[in-house]
Amino acid sequence: MPAPSRSPGTTGRPRRPGKDGVAQRAAADAPIYAVLDLGTNNCRLMIASLHNSQFRIIEAFSRIVRLGEGLSHSGLLAERAMDRAIRALRICAEKIEKRGVQRIRAVATQACRAATNGTDFVRRVERETGLKLTIISPEEEAHLSVMGCASLLDGRDAAHPSHAALVMDVGGGSTELSWVDLPADGPPPPAPPAAGTLRTGGRLPRPRYWISLPIGVVTLAERFPEPEGALTPEGQRAWFDAMVNHVAVTVEAFRDPEPLRDVFDAGHAYIVGTSGAITSLAGMHLNLERYDRAQVDGLWMSRGHCRDVIDRLLGQPRSERELEPCVGRDRADLVLAGAAILEAVQSQWPCDRLRVADRGLREGLLLSMARKKTRRRRRGRGGASARATVETAAS
């Protein structure tokens, strides 16, 4: 048997890797996960490694594809929209292969749920890209969005104690609203993870009440197209208010969360908003010259801040909105629809604080995959009794 190799000039026993070297090797061998979210407006991919109960984000990709363009009028996914989505999905498939992904979950949401040809499109995606999309239910979408925002859900702030939060996930074709009870006592939450990481531990919240509204930024903008030409400020406001009122009527009709009304009225609740439109509002509020997730994710905005940014947008023609660094051409015609949805929710569930989330469904998918892996491992060790314990703790 050959002798163990040694570095030149060393004597005695061969050097063993130190703790840092072991940790680096373990991190390098960490399993690679990928999650893909194909929505009505966006195609989003996230690739991450899992090590020591923490995801490290390796790569993220997002492209606006407008899969649901025209869907509200025709009931079908349009050929051009499907072609755009396929091109983006091919890029995702290439990135997944290049990174050596071992576990993947790819989901489709409202556009594929609502379209008559949604299932046919999913089959086409598998044929042409190899990606197997699962069309998830509105309930699962709402639950996953709440899971993804878990690190932003806590009421243990001495200055602003809160007992509830309303998570609003504004998509292209639907908006999921989830009312969540918050811990208002006990030990403080752990420090937020470093940028580009996601913790898998801790108790993940579940919605107490939830609803999926069949209204998103694409469907709302198509129902209330922006008037052509220059408008008076009054005319622009009337168009915006029409969108707000349309959404507010739908939100108001959902009465299940009324037991939490007193909590909101007392100022012990806040909204968590996750969507491209809301992160755009946050970027404008900060006057960012370039969008910066680190500054936006977790940002607190008052209702007054939101109104100031909305008033600024209403004073701009679309050509000026396109020049806003945190809006751009792709969102210039949709950002006010997203703002109208936010305004409608705030009108029905008034609270002065909004927490901006540049996270949501993809992070929820990653966390759910990690939880399932943990449950499977514990089942193998502890049998039925361990399974019951774990499932109760995770619920």
Practice prompt. To the nearest 0.5 angstrom, please state how far the CG atom of L213 sits from the OG1 atom of T175.
Written response: 5.5 Å

Worksheet item: Do V309 and V244 share a hydrophobic cluster, counting only Ile, Leu, Val, Met, Phe, Trp and Tyr and linking them when any side-chain heavy atoms are less than 4.5 Å apart?
Response: yes

Worksheet entry | Straight-line distance of H246 NE2 to I215 CD1, nearest 0.5 Å | 4.0 Å

Worksheet item: Between D311 and R237, is there a side-chain N and carboxylate O pair less than 4.0 Å apart?
Response: yes

Worksheet item: Within the distance-only criterion (no hydrogens, no angle test), does the side chain of Q348 pair as donor or acceptor with the backbone N or O of V345 below 3.5 angstrom?
Response: no

Discussion item. Would the distance check show the side chain of T40 and the main-chain N or O of A111 forming a donor-acceptor pair, the cut-off being under 3.5 Å?
Written reply: yes

Discussion item. Under a 4.0 Å threshold between the charged nitrogen and the carboxylate oxygen, would R318 count as salt-bridged to E226?
Written reply: no

Discussion item. Walk me through whether Q110 and T219 qualify under side-chain contact (heavy atoms from CB on, under 4.5 Å).
Written reply: CA-CA 11 Å; Q110 179 63 17; T219 52; over 6 Å; no

Discussion item. Let me check something: do W300 and L182 share a hydrophobic cluster, defined by ILVMFWY side-chain heavy atoms less than 4.5 Å apart, either directly or through other members?
Written reply: yes

Worksheet item: Are I64 and L71 connected in the hydrophobic side-chain network, where two residues link if heavy atoms are under 4.5 Å apart?
Response: no

Item to complete: Would you indicate whether R329, at its atom CZ, is surrounded by more than 12 heavy atoms from other residues, nucleotides or ligands within a distance under 6.0 Å?
Response: no

Practice prompt. Search all heavy atoms of G100 against all heavy atoms of I32 and return the closest pair with its distance.
Written response: O-CB, 4.1 Å

Item to complete: Give the C-alpha distance, both sets of side-chain angles, the deciding distance and a yes or no for side-chain contact (heavy atoms from CB on, under 4.5 Å) between R321 and L313.
Response: CA-CA 7 Å; R321 295 199 299 270; L313 285 166; 3.8 Å; yes

Worksheet item: Do you know which two heavy atoms are closest between V65 and A88, and how far apart they sit?
Response: CG1-CB, 3.7 Å

Fill in: Heavy-atom closest pair, residues G298 and R355
O-NE, 3.1 Å

Discussion item. Please determine whether residues L177 and V356 belong to a single hydrophobic cluster, defined as Ile, Leu, Val, Met, Phe, Trp and Tyr linked transitively by side-chain heavy-atom distances below 4.5 Å.
Written reply: yes

Worksheet item: What is the ring orientation for W349 with F264, classed by angle as parallel under 30°, tilted 30 to 60°, or perpendicular over 60°?
Response: perpendicular

Practice prompt. State, with a plain yes or no, whether a side-chain heavy atom of R208 is found less than 4.5 Å away from one of P259.
Written response: yes

Worksheet item: Does D120 pair with R123 as a salt bridge, N-O distance under 4.0 Å?
Response: yes

Discussion item. Could you go through S275 and V217, starting from their C-alpha distance and side-chain angles, then the distance that decides it, and tell me whether this counts as side-chain contact (heavy atoms from CB on, under 4.5 Å)?
Written reply: CA-CA 10 Å; S275 83; V217 293; 6.0 Å; no

Worksheet item: What is the distance from atom CZ of R312 to atom CE of M284, rounded to the nearest 0.5 Å?
Response: 3.5 Å

Discussion item. With heavy-atom distances below 4.5 Å as the criterion, would you say the side chains of M147 and L144 are in contact?
Written reply: yes

Item to complete: Would you confirm whether H305, through its side chain, and S302, through its main-chain N or O, come within 3.5 Å as a donor-acceptor pair?
Response: yes

Discussion item. I'd like to know if E94 and K98 make a salt bridge, using a cut-off of under 4.0 Å between side-chain N and carboxylate O.
Written reply: no

Response to the item:
Nearest heavy-atom approach of Q102 to P31 is OE1-CA, 2.9 Å

Worksheet item: Can you name the nearest heavy-atom pair linking A30 to L50, along with the distance?
Response: CB-O, 3.2 Å

Discussion item. If the threshold is 4.0 Å, N to carboxylate O, is there a salt bridge linking E222 and R66?
Written reply: no

Worksheet item: For atom CZ of R80, is the number of surrounding heavy atoms from other residues, nucleotides or ligands below 6.0 Å larger than 12?
Response: no

Worksheet entry | Sub-4.5 Å side-chain heavy-atom contact between L133 and L36 | yes

Discussion item. Return the SG to CG distance between C43 and L67, rounded to the nearest 0.5 Å.
Written reply: 9.5 Å

Worksheet item: Are V167 and L260 joined in one hydrophobic group, where the rule is that I, L, V, M, F, W and Y side chains link up if heavy atoms are under 4.5 Å apart?
Response: no

Discussion item. Can you tell me how the ring of F254 sits relative to the ring of W179, calling it parallel under 30°, perpendicular over 60° and tilted otherwise?
Written reply: tilted

Worksheet item: Within the side chain of R293, is there an N or O that forms a donor-acceptor pair under 3.5 Å with the backbone of D358?
Response: yes

Fill in: Heavy-atom side-chain proximity of V335 to E324 below 4.5 angstrom
no

Item to complete: Flag the pair V146 / R206 as yes when at least one side-chain heavy-atom distance between them is below 4.5 Å, and no otherwise.
Response: no

Worksheet item: Any side-chain heavy-atom pair from R307 and Q346 closer than 4.5 angstrom?
Response: no

Worksheet item: Does D83 pair with R124 as a salt bridge, N-O distance under 4.0 Å?
Response: yes

Response to the item:
Distance col, row D297:CG vs L152:CG, nearest 0.5 angstrom, shows 5.5 Å

Worksheet item: More than 12 foreign heavy atoms under 6.0 Å from CD of E97: is that the case here?
Response: no

Discussion item. With a 4.5 Å cut-off on side-chain heavy atoms, are R44 and L361 touching?
Written reply: no

Discussion item. Determine whether a donor-acceptor pair (N or O, by modelled atom type, separation under 3.5 Å) exists between the side chain of N117 and the backbone of L77.
Written reply: yes

Response to the item:
In this structure, CD1 of I47 is separated from CD1 of I57 (nearest 0.5 Å) by 10.0 Å

Item to complete: Answer yes or no: is there a donor N or O on one side and an acceptor on the other, between the side chain of T129 and the main chain of R90, under 3.5 Å?
Response: no

Discussion item. Between S174 and E176, do the side chains contain a donor N or O and an acceptor N or O under 3.5 Å apart?
Written reply: yes

Worksheet item: Can any side-chain N or O of H163 pair as donor or acceptor with the backbone N or O of A269 at less than 3.5 Å?
Response: no

Worksheet item: Do F121 and I86 come within less than 4.5 Å of each other through their side chains, counting heavy atoms only?
Response: yes

Fill in: CA sep, side-chain torsions, deciding dist, call: R113, T109, side-chain contact (heavy atoms from CB on, under 4.5 Å)
CA-CA 6 Å; R113 282 197 299 259; T109 56; 4.1 Å; yes

Worksheet entry | Shortest non-hydrogen separation from P225 to W239 and the atoms involved | O-NE1, 3.4 Å

Worksheet entry | Side-chain ion pair, D37 and R362, N-O less than 4.0 Å | no

